[in-house]
Amino acid sequence: MKLIYSIMDSSEKPKKENPRQFAHILSQLTFGWSIPLLYRGSRQGLTADDLTKCLPEDLSQDLGDKLERKLYHGVDCKRKPLQLM
């Protein structure tokens, strides 16, 4: 599977660290970590050079694997009636 992923994703990865990764709790709650990016985007627009690395918990392969596990778990379990309230 790893070979397929590496063939499919041959694009260059961002080199900048994600500012949210090291932001303190108040900055994360108020999205203060994003202000420099928003300011730069409003002044000169954003390019691919402005992209940052994904957070470890946001990597697509990990999220896809988690979704697949939940899907197979849901198929194996008995279907429960939908409860709206």
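Values in this document were obtained by computation on a predicted structure and should not be read as measured data.
- For the pair Leu26 and Thr30, the tightest heavy-atom approach, listed with the atom from each and the gap, is O-OG1, 2.9 Å.
- In this structure, CD in Gln44 is found 9.5 Å from OH in Tyr39, a value given to the nearest 0.5 Å.
- In this structure the side chain of Glu17 never reaches within 4.5 angstrom of the side chain of Thr52, judged on heavy atoms.
- Here the closest heavy-atom approach between residue Leu46 and residue Leu37 is recorded as CD2-CD1, 3.7 Å.
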Worksheet item: Hey, mind stepping through Asp50 and Lys16 against side chain to side chain contact (heavy atoms under 4.5 Å, CB included) and telling me if it holds?
Response: CA-CA 8 Å; Asp50 296 316; Lys16 291 182 184 179; 4.0 Å; yes
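- The side-chain heavy atoms of Asp62 and Glu57, taken from C-beta on, include no pair separated by under 4.5 Å.
- Separating the CZ atom in Arg40 from the OG1 atom in Thr47 is a distance of 8.5 Å, to the nearest 0.5 Å.
- Of the listed residues (Ser42, Ser34, Pro36), just one forms a side-chain contact (heavy atoms from CB on, under 4.5 Å) with Leu38, and that residue is Ser34.
- Nearest heavy-atom pair across Lys53 and Pro14 is CG-O, 3.5 Å.
- Ser27 and Trp33 make their closest contact through OG-N, 3.0 Å (heavy atoms, listed as atom of the first residue, atom of the second, distance).
- From Gln21, atom CD reaches atom SG of Cys54 across 11.0 Å, with rounding to the nearest 0.5 Å.
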